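Residues: numbered from 1 along the sequence shown. Note that the structure is a prediction, hence the values are computed from the model and not measured.
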Amino acid sequence: MSQKTIATGVVHELPADLQEVLSTQDNLLMKWNNLTPLGRNEWICWLTMVKKAETRAQHLERLQAEILEGKRRPCCWPGCPHRRESAKKWFR
């Protein structure tokens, strides 16, 4: 069996739950790998910033659907506060 390459973001490491989803869905993985590193970083941060497990599960479902639809970054998201100083004000 060949090892699948999963591209990462620029600040955040790929979480295990997202890595598992990407490694089992070839179409999603292809679209994920075609995102820019900053775009992937935004999705990873958006997924991992939530506090509740059920919210994270919802984000993971939405991430899959929206990337398959062709979206390149999460909607209605001020951006990664770990990368963009101006986004920090939204996460206090």
Salt bridge (charged side-chain N to carboxylate O under 4.0 Å, His left out) contacts in which one or both residues fall within residues 17-32, not counting sequence neighbours: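 Found Lys4-Asp26, Asp17-Arg56.
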So does Glu13 have more than 12 non-hydrogen atoms from other groups sitting under 6.0 Å from CD? no
Heavy-atom side-chain contact between [X] and [Y] under 4.5 Å:
X	Y	result
Gln58	Val50	no
Leu29	Ser23	no
Val11	Cys45	no

Looking at every heavy atom in both Gly9 and Ile44, which two are closest together, and how far apart are they?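 In terms of heavy atoms, the two residues are closest at N-CD1, 3.9 Å.
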Is the backbone of Thr48 close enough, under 3.5 Å, to the side chain of His59 for a donor and an acceptor to pair up by distance?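 No, His59 side chain to Thr48 backbone: no donor-acceptor pair under 3.5 Å.
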Side chain Asn41, main chain His12, donor-acceptor under 3.5 Å: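 Judged by distance alone, yes, a pair lies under 3.5 Å.
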Output the distance between atom [atom1] ([X]) and atom [atom2] ([Y]), rounded to the nearest 0.5 Å.
X	Y	atom1	atom2	value
Leu35	Arg73	CG	CZ	9.0 Å
Arg40	Asn33	CZ	CG	6.5 Å
Leu14	Leu22	CG	CG	6.0 Å

Only distances under 3.5 Å count here; give the side-chain donor-acceptor pairs of residues 63-72 to other protein atoms, sequence neighbours excluded, each with its distance to 0.1 Å.
| unit_1 | atom_1 | unit_2 | atom_2 | d |
| --- | --- | --- | --- | --- |
| Gln64 | OE1 | Gln25 | NE2 | 2.8 |
| Gln64 | NE2 | Leu60 | O | 3.1 |
| Glu66 | OE2 | Arg62 | NE | 2.7 |
| Arg72 | NH2 | Asn34 | O | 3.0 |

